[in-house]
**Q** 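Dropping a structure here in C-alpha cells format, bear with me for questions.
Since we're looking at a predicted model, the values are computed, not measured. Here, residue 1 is the first one in the sequence, and each next residue gets the next number.
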Amino acid sequence: IGRDLPGNADAVLTNGGGFVIKNDATATTTGNGEAEALVYVGRSSEGEGAAVWQTYSAAGDLNVALNNTGSLSIRADASATSKESWAEADANIDAGIVQNGVVGTPATTIESATVAATGHGNLALKISNTGTINLTSSAVANAGMNADADADIDFAISQQAVNHSPATAATSSVAAFVPSASAELINAKGAQINVMATATANGTYADEGWDVAEASADIDEGIDQFAQ
C-alpha cells in the first residue's frame, strides 16, 4: 500500500481472522550434488517494500492504522538437504510490518531562494494488537559434507512518522496550530507479538578451510519507531 493523498486521510488495515504471508523454498539432492534454498519475504524487485507495507503522504491530517484482532503471520522458511555434498539454506525477512507517514513537504532552498514548508495537519501511526502477530524466519541445512544455514530478520516492525507542517500563530479568527507526529504500538494484555529467527545446520565432513556446519540467526531490528 502506498499513496500520495491530498487533504486529510485515514488508511486502516484490519485483520480479524487468519492472515498468512509465507514464502517457502526447499532443495533436495540425493546424489553427489549441491542443494541451495533461498527465500525472501518483504522485498520487491526494486529491493524495497515489506510484507505489510502502509506508506502514505498527505497535505493535511494523516492517520495510518493496523488493527489485528486475529492471527497475522509472516514467515520465511528455507530447507536444503544434500546427502553427499554441501547444502545451504537462507531465509530472510527484509521487512515485516512497515508504516511510513509524511505530512507536507520540508522547507528548501533553490538558487538562494527559500521555499517554505507546506502542510497543515497532524500525523498518527498506530499498530493495535489484541490477537497474535508472528514474524518468523527459519533455515535448516543437512549435508553429507558442509552445511550452512542462515536465518535473518532485518526489520520486524518499523514505524516512521515525519510531519513537515509549519506551526502557525493565532490570529483574531484562527487558533494557533502546533503540528504533531506520533508512532504508537499497543499490544494488549494477553496478546502476543513473536519475532523469531532460527537456524539449524548438520554437516558430517568439510574440505580444509571450511566449517563442517555453520548456523547463524540474526534479528537486526525488532521494533523500530521514529516520529518528528
**Q** Once you round to the nearest 0.5 Å, how far does CZ of Phe155 lie from CG of Asp224?
**A** 6.0 Å
**Q** With rounding to the nearest 0.5 angstrom, report the CD1 to CD1 distance, Ile157 to Ile127.
**A** 5.5 Å
**Q** Could you work out, with side chain to side chain donor-acceptor pair (under 3.5 Å) as the rule, every residue matching Asp61, not counting sequence neighbours?
**A** none
**Q** Between Met145 and Val140, is there shared hydrophobic-cluster membership here, with clusters defined by ILVMFWY side-chain heavy atoms closer than 4.5 Å?
**A** no
**Q** Mind running side-chain hydrogen bond (donor to acceptor under 3.5 Å, both in side chains) on Thr105 and Thr118 for me, showing each step along the way?
**A** CA-CA 5 Å; Thr105 59; Thr118 67; 2.5 Å; yes
**Q** Taking all non-hydrogen atoms of both residues into account, name the closest pair between Ala151 and Ala197 and its distance.
**A** O-CB, 4.0 Å
**Q** Can you name the nearest heavy-atom pair linking Ser165 to Gly121, along with the distance?
**A** OG-N, 3.3 Å
**Q** Would you give the length of the straight line joining atom OG1 of Thr55 to atom CD of Gln160, rounded to the nearest 0.5 angstrom?
**A** 10.0 Å
**Q** Walk me through whether Ile153 and Val195 qualify under side chain to side chain contact (heavy atoms under 4.5 Å, CB included).
**A** CA-CA 8 Å; Ile153 298 176; Val195 180; 3.8 Å; yes
**Q** Would you give the length of the straight line joining atom CZ of Phe19 to atom CG of Leu72, rounded to the nearest 0.5 angstrom?
**A** 6.5 Å
**Q** Counting C-beta onward and ignoring hydrogens, is there a side-chain heavy-atom pair between Asn122 and Phe177 closer than 4.5 Å?
**A** yes
**Q** Is there a path from Ile223 to Leu66 through hydrophobic residues (I, L, V, M, F, W, Y) whose side chains come within less than 4.5 Å of each other?
**A** yes
**Q** So do the side chains of Asp220 and Asp152 get within less than 4.5 Å of each other, counting heavy atoms only?
**A** no
**Q** Does a side chain donor of either Thr28 or Thr81 reach within less than 3.5 Å of an acceptor in the other side chain?
**A** no
**Q** Is there a side-chain contact between His120 and Thr168, using heavy atoms and a 4.5 Å cut-off?
**A** yes
**Q** If you compare all heavy atoms of Ala89 against all heavy atoms of Ala78, which two are closest, and at what distance to 0.1 Å?
**A** CB-O, 3.9 Å
**Q** If you look at every heavy atom in Ile74 and Ile97, which pair is closest and at what distance?
**A** CD1-CG1, 3.9 Å
**Q** Shared ILVMFWY cluster between Trp53 and Val162, side chains joined below 4.5 angstrom?
**A** no
**Q** So do Val102 and His164 actually touch side chain to side chain, heavy atoms under 4.5 Å?
**A** yes
**Q** Under 4.5 Å between any side-chain heavy atoms of Phe226 and Gln159, yes or no?
**A** no
**Q** Working to the nearest 0.5 Å, report the span between CZ of Arg75 and CG of Asp24.
**A** 6.5 Å
**Q** If only atom types and distance count, is the side chain of Asn163 paired as donor or acceptor with the main-chain N or O of Ser180 below 3.5 Å?
**A** yes
**Q** Enter the distance from Ser158:OG to Asn100:CG here, rounded to the nearest 0.5 Å.
**A** 6.0 Å
**Q** What about Ile133 and Leu185, same hydrophobic cluster or not, with Ile/Leu/Val/Met/Phe/Trp/Tyr joined at side-chain heavy-atom distances under 4.5 Å?
**A** yes
**Q** Hey, is the main chain of Val64 close enough, under 3.5 Å, to the side chain of Gln54 for a donor-acceptor pair?
**A** no
**Q** Would a distance-only check, ignoring hydrogens and angles, find a side-chain to backbone donor-acceptor pair under 3.5 Å from Ser138 to Asp77?
**A** no
**Q** Does Leu13 share a hydrophobic cluster with Leu135, counting links as ILVMFWY side-chain heavy atoms below 4.5 Å and allowing steps through other members?
**A** yes
**Q** What is the minimum heavy-atom distance between Ala87 and Ser82, and which atoms define it?
**A** CB-N, 4.0 Å
**Q** With side chain to side chain donor-acceptor pair (under 3.5 Å) as the test, pick out the partner of Asn129 among Asn68, Thr69, Asn15, Asn67.
**A** Asn68
**Q** Check Asn202, Thr204, Thr200 against Asn142 for a side chain to side chain donor-acceptor pair (under 3.5 Å) and give me the one that passes.
**A** Asn202
**Q** Tell me the closest heavy-atom pair linking Ser182 and Ala161, and the distance in Å.
**A** O-CB, 3.8 Å
